[in-house]
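These notes are about the structure you will find just below.
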Amino acid sequence: MQIEVNNVTYTYNKKRFDEFEALKGISLKIDKGEFVALVGKTGSGKSTLIQTFNGLILPTSGYVKVDDFIVTGDKKLKRQLLKKESKEVQILNKKKAYLLRKKVGMVFQFPEYQLFADTILKDVMFGPLNFKVEENLAKEKSINALKSVGIDESYFERNPFELSGGEKRRVAIAGILASEPDILILDEPTAGLDPNGKKEIMNLIKDIHKEGKTIILVTHDMDVVMDYVDKIFVLNDGKLLEETTPNILFNKENILDYSLEIPTFYKFKNLLKKYGFCKDLSKINEFNELIDIICEDKND
Amino acid sequence: MTNIFGKYTQYNTIIHKCDPRIKILGLILIMVICFLPYGSNYMNQLAILAVLGVVIVSLMIIAKINFLDFFKSLKVMWFMVIFLLIINVFIPYGNNEHVMISFSNGYTLYWEGVLNTFMVVFRLILMIALTMILTSTTTPMDITYGFEWYLSPLKIFKFPTQVVAMTISLALRFIPTLLEQANRIMKAQKSRGVDYNRGFLSKKIKSITTLIVPLLVSCFSISDDLSLAMEARGYDPYGKRSRYRILKFSIYDLVSILFFIILLGAFIYLSVITNHYGVNIIETLFPLTEGVTF
């Protein structure tokens, strides 16, 4: 188990007039090398939940365990949990807690806003340097990261603010990748991009996944979920509603109750059904299969 | 986004209902009261400040201000307190009697310096409390309307009061937006390993640049968008604008005006008799305590 979320609750502005309970007891597990998506309507607690994974938000109660790191705001619970662990884990949790941020790379929504340095290479090197990687090695890692997101060498000395939106986003993602995280969390990576840019970013993420990294995706774009993701966690109102795969979820009769957008493919399938397409479509989950079956139908 | 100093909180108290113009006036009047001189007798000064403190705290209670927020907003003052303490203790003025440290070359430090610092700091705290009452009971919009109204005499000299008011209201409107943005950028940089809390000054300055540069960039892009959006909806800075909310005079306003006038009168009277005629109020009010002086 790489990430273990155990009965986590989180309350914003505790004991104030605008107190708001964002997470109401969530438990879930994510294995190493999985490609998962967190979906749910706005305000369902997705963003809050992912921020607990790298300790930006400390759970009010319950805990998140990422490999050996324990994240919780409940000091008593943390002490109890640490007692059971070995000495090395205790030291890791107490003195080297910043390494959690290295392990869990987080790409926020509109990551282009995090760029600040005067050259692209410097900006990407910023992450590894913070995690105390030597300068030469940091440079090497940054160059690799930039190349992997498809930024050409001629760009390295340019000012990041001169780039286009899509390029900026790729540089920002490279900034996270340069720290070589084991787990990559992306909050709405495709928001505000054109279809081509979307495809580029998602293929990039898929390549990163192939390297054996765990990917956690928060998104409203169900087409992306359908095409790339292995496992889905559906959140609603701070609770975990369901843990399924895309095929099972989108084939459900009551899918509209989840207030999720239906992927284009399933919309099309529903339309076919509605206008009396006679073949059984319940087992068809890909465009190619659907095209085949439609061709067959025509030939008949 | 917690504890923004003076964030508007929606309640339905008398102070919330009051006209913003009167609240602004009252704020200025009580601030003046805070900084009036009250003679040279320390006991008197402390007593008067205590009374003022009680008045302001009761106003805060009426306005349902979260005291926790208030104390948190005072945390930023400690640097100023130390600065004032050093100035006040090392540069003695007024009547000093109680020696703290006497150096061999005749330079002496007095306890009165500490007391002076305390009183200045207390006055500043009262001032912060007052502004907090204003900002947490009045929407930024209303505050701007109030200011615009006070600026309106300047229209005679062709001073563009509307433009100023619009500028102020936009600035106020975008404080929460920018804070949110700053929060977001900070989280993103924290994920890249920046620690904003620890490290020496040089390191801190370096980590602050990682926040300020992106914030400025997004600030400019926001203002660019905003100006276009305003122009698209036909904004003309010098045109006459009607408004949605019209300020009206109500019974609460009359009561609060009376309250401010009485308060101001009373404290000016106190100031005059203590400062000008040297009356010792405590001795006059409580003859039994005669002889207790500081």
Side-chain angles (χ1 to χ4, degrees), chain A residues 11-20 47 50-51 53-57 97-118 122-133 138 159-161 165 168 172 174-179 181 184-187, chain B residues 1-4 7-13 16 63-72 136-137 176-199 203-222 224-225:
Chain A
T11 314
Y12 282 101
N13 296 338
K14 201 156 194 194
K15 287 183 185 163
R16 280 165 51 100
F17 71 99
D18 50 356
E19 184 177 289
F20 174 66
S47 296
I50 54 166
Q51 284 176 44
F53 292 174
N54 78 345
L56 284 174
I57 281 177
Y98 69 91
L99 287 176
L100 174 64
R101 304 250 163 94
K102 183 189 178 304
K103 185 177 272 297
V104 185
M106 176 100 83
V107 181
F108 278 93
Q109 199 171 358
F110 303 115
E112 47 271 33
Y113 283 124
Q114 71 185 35
L115 303 175
F116 72 95
D118 45 0
K122 265 191 200 166
D123 199 280
V124 176
M125 274 168 69
F126 179 69
L129 288 179
N130 275 326
F131 295 118
K132 308 200 168 107
V133 175
N159 190 320
F161 297 109
K168 270 190 200 167
I176 306 289
L177 290 178
S179 317
L184 190 64
I185 302 175
L186 301 114
D187 192 350
Chain B
M1 274 237 302
T2 51
N3 303 313
I4 303 154
K7 188 180 163 193
Y8 176 70
T9 50
Q10 202 163 13
Y11 286 115
N12 203 11
T13 68
H16 281 78
K64 291 193 180 166
I65 282 171
N66 189 332
F67 277 85
L68 202 72
D69 280 1
F70 174 61
F71 290 123
K72 274 182 187 161
S136 67
T137 60
T177 312
L178 285 180
L179 275 174
E180 206 172 293
Q181 198 85 337
N183 213 359
R184 219 169 67 187
I185 295 166
M186 248 162 106
K187 274 181 173 166
Q189 306 294 23
K190 272 184 188 168
S191 305
R192 294 212 278 169
V194 183
D195 195 340
Y196 286 103
N197 299 325
R198 265 175 253 166
K203 209 180 164 191
K204 262 192 178 169
I205 289 170
K206 212 177 172 188
S207 55
I208 287 292
T209 56
T210 66
L211 171 65
I212 288 183
V213 173
L215 195 60
L216 268 178
V217 170
S218 66
C219 201
F220 278 114
S221 81
I222 287 173
D224 232 19
D225 288 349

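Convention: sequence-line order gives letters A, B, ...; per-chain numbering from 1. Every heavy atom of this structure was used, including side-chain atoms; hydrogens, water molecules and symmetry mates were not. All values reported here derive from a predicted model rather than from experimental measurement.
Counting non-hydrogen atoms of other residues, nucleotides and ligands closer than 6.0 Å to CD of Glu19(A) gives a total above 12. Counting heavy atoms of neighbouring residues, nucleotides and ligands inside a 6.0 Å radius, atom NZ of Lys187(B) exceeds 12 of them.
When all heavy atoms of Ser191(B) and Leu56(A) are compared, the closest pair comes out as OG-CD1, 3.6 Å. Of all the heavy atoms in Ser218(B) and Tyr113(A), the pair that sits closest is CB-CE2, 3.7 Å. For Val213(B) against Phe161(A), the heavy-atom pair with the smallest separation is CG1-CZ, 4.0 Å. What you find for Phe126(A) and Gln189(B) is that their closest heavy atoms are CE2-OE1, 4.3 Å.
In this structure the side chain of Tyr98(A) never reaches within 4.5 angstrom of the side chain of Asp195(B), judged on heavy atoms.
Both the backbone and the side chain of Val194(B) come within contact range of chain A, judged by heavy atoms closer than 4.5 Å. In this structure, the portion of Gln51(A) lying under 4.5 Å from any heavy atom of chain B is its side chain and not its backbone. Contact annotation for Leu129(A): neither backbone nor side-chain heavy atoms come within less than 4.5 Å of a heavy atom of chain B.
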- request: Determine, stepwise, if the pair Arg192(B) / Asp123(A) fulfils salt bridge (Lys or Arg N to Asp or Glu O under 4.0 Å).
  value: CA-CA 11 Å; Arg192(B) 294 212 278 169; Asp123(A) 199 280; 3.1 Å; yes
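Sorted pairs that involve residues 203-217 of chain B and meet salt bridge (Lys or Arg N to Asp or Glu O under 4.0 Å), not counting sequence neighbours, are lacking altogether.
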